Amino acid sequence: DGTLKQRTAWINNNKVEMVIELHLDSAPGASGCTLFYYDGFTNVRDAGKPLLDTYSQYSGIKSRGMKPDSSTRHGRLGIIRDTKPTAYLLELGFIQNDLETVRQKAAVALAQGILKYLNKPLMTEIQLADWEKVALDYASKAIKFDTKEPRKAMTRVEVAETMRKFEAYIASKYSLK
């Protein structure tokens with residue numbers, strides 16, 4: 001958990017190569033995924049296109065394209081502007097219309113998009129099936145369900161720890177280091 005300043009400080013003080021902040025968008029009747037990038041850097045925009053295209057292809061969520069962070073209502077996105085490594089903000093879809101697809105397909109679609117961004121081979125169907133099984137297993141262990149209370153969201157620390165463990169497993173299994 002932490003403020004934007006704390007998260008960007010942590011990113012800038014550690015050996016982070018790339019940042020992808022994930023969001024769900026919200027607007028009545030809207031659908032699709034969007035990738036925001038630092039305005040003014042053509043190479044950052046061009047490098048992010050395979051990430052968005054592959055995410056859209058594997059998730060089945062229509063791409064709304066890439067947009068500069070300066071086009072947002074805030075005029076800039078801190079996670080993109082204030083971090084040293086290349087950073088993107090990916091709107092995975094719209095909570096009203098794309099949420100179920102995001103729940104079912106986002107992890108695999110995002111993994112394929114990151115592999116494409118890194119110029120690594122995409123996972124085969126067998127690897128994808130195994131990856132999805134492992135992702136669901138990690139998610140089910142990480143997300144606490146209680147029949148008496150509504151589902152509680154994970155803290156950022158819990159998400160980060162789960163992702164570290166998951167990343168280590170996938171990297172070792174598929175030689176992605």
Side-chain angles (χ1 to χ4, degrees), residues 1-12 14 16-41 44-118 131-132 135-136 138-139 142-144 150-164 166-167:
D1 254 339
T3 66
L4 176 61
K5 282 186 179 184
Q6 290 169 327
R7 290 192 322 266
T8 55
W10 185 90
I11 290 166
N12 290 336
N14 288 277
V16 175
E17 294 179 33
M18 177 180 72
V19 175
I20 304 173
E21 180 145 316
L22 306 176
H23 286 214
L24 284 172
D25 216 336
S26 178
S31 184
C33 56
T34 308
L35 187 69
F36 290 94
Y37 62 93
Y38 195 154
D39 192 13
F41 289 104
V44 171
R45 183 193 67 219
D46 294 346
K49 187 165 179 3
L51 173 67
L52 177 64
D53 291 348
T54 307
Y55 173 79
S56 178
Q57 175 189 347
Y58 279 86
S59 69
I61 296 174
K62 181 184 173 205
S63 172
R64 294 169 54 96
M66 296 186 66
K67 297 181 181 175
D69 71 322
S70 61
S71 69
T72 67
R73 64 186 163 128
H74 306 290
R76 71 186 301 279
L77 297 172
I79 198 69
I80 291 174
R81 294 283 176 122
D82 301 335
T83 52
K84 291 177 186 174
T86 298
Y88 298 97
L89 187 146
L90 176 60
E91 295 284 2
L92 297 167
F94 282 78
I95 197 164
Q96 298 90 338
N97 298 313
D98 300 318
L99 186 58
E100 200 52 41
T101 302
V102 168
R103 282 183 180 156
Q104 293 174 6
K105 299 181 178 182
V108 168
L110 187 58
Q112 292 288 65
I114 291 169
L115 289 172
K116 184 76 170 180
Y117 175 89
L118 297 172
W131 196 94
E132 190 169 23
L136 290 172
Y138 266 93
I143 299 170
K144 301 169 182 95
R151 190 171 99 193
K152 296 177 183 173
M154 294 171 63
T155 66
R156 288 183 192 273
V157 172
E158 290 171 325
V159 169
E161 182 59 26
T162 300
M163 290 307 296
R164 270 193 287 281
F166 182 62
E167 180 182 278

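Only a predicted model underlies this, so the values are computations on that prediction, with no experimental measurement involved.
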Inset, instruction - Name all residues meeting the side-chain contact (heavy atoms from CB on, under 4.5 Å) criterion together with Leu22; count only those two or more places apart in sequence or in a different chain, and write none if there are none. - result: Ile20, Leu90, Leu92, Leu110
Inset, instruction - Could you grab the distance from atom NZ of Lys5 to atom CG of Asp82, nearest 0.5 Å is fine? - result: 9.0 Å
Legend entry - Under 3.5 Å: donor-acceptor pair, side chain of Thr8, backbone of Ile79: no
Legend entry - Side chain Gln112, main chain Ala109, donor-acceptor under 3.5 Å: no
Legend entry - Minimum side-chain heavy-atom gap Ser70-Leu77 below 4.5 Å: no
Inset, instruction - Would you mind listing every salt bridge (charged side-chain N to carboxylate O under 4.0 Å, His left out) that reaches into residues 58-70, with sequence neighbours excluded? - result: Asp69-Arg81
Distance-only check: which donor-acceptor pairs under 3.5 Å involve side-chain atoms of residues 45-52, not counting sequence neighbours?
unit_1	atom_1	unit_2	atom_2	d
Lys49	NZ	Asp53	OD1	3.4
Lys49	NZ	Asp53	OD2	2.7

Legend entry - Rounded distance [0.5 Å steps], OG1 in Thr83 versus CZ in Arg7: 11.0 Å
Inset, instruction - Sequence neighbours left out, what passes side-chain hydrogen bond (donor to acceptor under 3.5 Å, both in side chains) with Asp25? Give chain and number order. - result: none
Inset, instruction - Under the side-chain hydrogen bond (donor to acceptor under 3.5 Å, both in side chains) rule, collect the residues that match up with Gln57, sequence neighbours excluded. - result: none
Inset, instruction - Measure the spacing between CG of Asp39 and OG of Ser71 and express it to the nearest 0.5 Å. - result: 8.0 Å
Inset, instruction - Run the numbers on Val16 and Trp10 for side chain to side chain contact (heavy atoms under 4.5 Å, CB included), then give the verdict. - result: CA-CA 9 Å; Val16 175; Trp10 185 90; 3.9 Å; yes
Legend entry - Pairs involving residues 78-111, ordered by first then second residue, that meet ring pair (Phe, Tyr, Trp, His ring centres under 6.0 Å) (sequence neighbours left out): Tyr88-Tyr117
Inset, instruction - Of all the heavy-atom pairs spanning Ser26 and Gln96, show the shortest one and how long it is. - result: OG-NE2, 3.0 Å
Inset, instruction - Indicate the atoms forming the closest heavy-atom contact of Ile80 with Phe36, along with that distance. - result: CD1-O, 3.5 Å
Inset, instruction - Compare all side-chain heavy atoms of Tyr38 with those of Pro68 and state whether any distance is below 4.5 angstrom. - result: no
Legend entry - Shortest non-hydrogen contact from Ile61 toward Ser56: O-OG, 2.6 Å
Inset, instruction - Please examine the side chains of Ile11 and Lys84, heavy atoms only from C-beta on, and report whether any two atoms are closer than 4.5 Å. - result: no
